[in-house]
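Notes follow the structure.
Basis for what follows: all heavy atoms, side chains included, without hydrogens, waters or symmetry-related copies.
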Amino acid sequence: MTSYKSEFLQTISERGFIHQCTDDEALDEILSKKAGAVAYAGFDCTADSLHIGHLMPIMTLRWYQRCGHKPIALMGGGTTKVGDPSGKDESRQILDEETIAANIEGIKGTFEKFLSFGDGPTDTLMVNNADWLDSLEYIPFLREFGKHFSVNRMLSFDSVRLRLDREQPLSFLEFNYMILQAYDFLELSRRDDCILQIGGSDQWGNIVNGVELGRRVDGTALYGLTSPLIMTSAGEKMGKTAGGAVWLNGDRLSPYEYYQFWRNTADEDVSRFLKLFTEIPLGEIGKLEKLKDAEINEAKKVLAYEATKLCHGETAAAEAGETAKATFEEGTQGAALPTVEIAETDLAEGMPAFEAFVRAGLANSNGEARRLIRGGGGRVNDTVIGDESQTISTSDLNEDGAIKFSAGKKRHALVKPF
């Protein structure tokens, strides 16, 4: 492992954040001597919440700020209108202005959980690239900046090459994305003296373009840093689940469900995730790494609590932990379990069990619910359902006025009448 002079690079190197850097020696020299150096990461606004696939750049910015430097969270209000082709087999859905604005509002709160905002020299700045991209004039932009991009080289970058290799269409609109991202870096360099762009490994080509554009147009030394794509020990992209994305906003995914995602981490991934997604000192992580067999569950609880605390706060993390303990260790019903309300008239009339599991959010379709019950994985109030058509009604309400549904051992929900 490379040893660095700057606290930031040394910290993220030890914790496993570094995949590639355009010039780590020169960047290390700058960060070791200059406090308050500016770096940015960009986030397109394709949904009203970020998900855990965004956690690597968010946590990198968080460490950057903790080490005495200034982060910029760049909202892609402009680039979202184009769509990043990186890692995609088909074009992204084109969103209208109103949807993009609503998505930006939904995302803003996430950054306030992880980063400190204000007017100080290391406080986070949030900007929107629509502020400069929307006003560009096409012909003057092409004349001034298009000459610095080689189509031959652009075709060699993964974001383009992989799409073409799979014979998937790539629109001219998307092909322009890397030019716009490169221009973002140049613009932030000019506006805010930004010297570093942070992103995932799939952004390497786009980041390199920005570094080179700064050198060619302004003679400015800019730097790029990427983090690795996080794969689980099972070879799956981290954050992809049967239920969909693991969202960071509580209205998209409850703190309890977020806690449970981390609590269900595979044994082989616990140590790595503790380093990446918590701020626990490496010495303490070293002690947790020594836990084996059943004891490793204690390390998973620490991971779940610390990750949830960062995203949802200490109170929500504690409540999620208590609910998990009540549900799994004490066999009782935790208050923070996901709750679904169903009209009391519907429950009074009764409904087949397979339909109830769908409405409780534990199955995506009647067919999936039927298969769950046939396989013995469906329980109501901790009792296995033997018949997929068994009637569920108000007679199943427990003393807390709810019905507890379970899909397997790890997914639970409460249904309450309204």
With sequence neighbours excluded, residues passing side-chain contact (heavy atoms from CB on, under 4.5 Å) with Glu25: Asp23
Whether the Asp44 and Thr79 side chains hold a donor-acceptor pair (N or O, under 3.5 Å, no angle test) is what I'd like checked. yes
Would you give me the side-chain donor-acceptor pairs under 3.5 Å for residues 303-313, sequence neighbours excluded?
from, atom 1, to, atom 2, distance (Å)
Glu306, OE1, Lys309, NZ, 3.4
Thr308, OG1, Ala304, O, 2.6

Can you confirm whether more than 12 heavy atoms, excluding those of Asp251, are under 6.0 Å from its CG atom? yes
Would you confirm whether Gln10, through its side chain, and Tyr4, through its main-chain N or O, come within 3.5 Å as a donor-acceptor pair? yes
Between Ala41 and Pro57, the two heavy atoms sitting closest are CB-CB, 4.2 Å
Do Gln203 and Gln181 have a side chain donor and acceptor closer than 3.5 Å? yes
All heavy atoms of Leu74 vs all of Asn129, minimum pair found to be CD1-N, 3.7 Å
Please assess Glu257 against Ser254 for the test side chain to side chain donor-acceptor pair (under 3.5 Å), listing each intermediate value before the final yes or no. CA-CA 5 Å; Glu257 292 170 296; Ser254 72; 3.0 Å; yes
Rounded distance (nearest 0.5 Å) linking atom CZ of Phe117 with atom CZ of Phe111: 7.0 Å
Could you list the residues that satisfy ring-ring contact (aromatic ring centres under 6.0 Å, His included) with Phe114, not counting sequence neighbours? none
Roughly how far, to the nearest 0.5 Å, is CZ of Phe8 from CG of Asp28? 11.0 Å
For Arg190, which residues count as a side-chain contact (heavy atoms from CB on, under 4.5 Å) partner, sequence neighbours excluded? Phe145, Leu186, Val217, Asp218
In terms of heavy-atom contacts, Asn128 and Gly78 come closest through OD1-N, 4.0 Å
Inter-residue atom distance Thr11.OG1 - Trp63.CH2, 0.5 Å rounding: 6.0 Å
Check whether any side-chain N or O of Asn249 sits under 3.5 Å from a backbone N or O of Gly106 as a donor-acceptor pair, and report yes or no. yes
Using the rule side chain to side chain donor-acceptor pair (under 3.5 Å), only one of Asp269, Asn264, Thr265, Asp267 pairs with Lys300; which is it? Asp267
Using ring-ring contact (aromatic ring centres under 6.0 Å, His included) as the criterion, list what pairs up with Phe354, not counting sequence neighbours. none
Test side-chain contact (heavy atoms from CB on, under 4.5 Å) applied to Lys287 - qualifying residues, sequence neighbours left out: none
As a quick check of understanding, evaluate side chain to side chain contact (heavy atoms under 4.5 Å, CB included) for Phe185 and Leu213, giving each step before the final call. CA-CA 9 Å; Phe185 200 175; Leu213 186 64; over 6 Å; no
Rounded to the nearest 0.5 Å, how far does CE of Met59 lie from CD1 of Ile12? 11.5 Å
Inspect the contact between Glu97 and Lys81 and indicate whether a charged nitrogen and a carboxylate oxygen are less than 4.0 angstrom apart. yes
Would you call the rings of Phe277 and Trp262 parallel, tilted or perpendicular if under 30° counts as parallel and over 60° as perpendicular? tilted
Grab the two heavy atoms, one from Asn103 and one from Thr46, that are nearest each other, plus how far apart they are. ND2-C, 3.5 Å
Once you round to the nearest 0.5 Å, how far does NZ of Lys70 lie from CG of Asp123? 6.0 Å
Out of curiosity, Lys275 NZ to Leu288 CG, how far, rounded to the nearest 0.5 Å? 11.5 Å
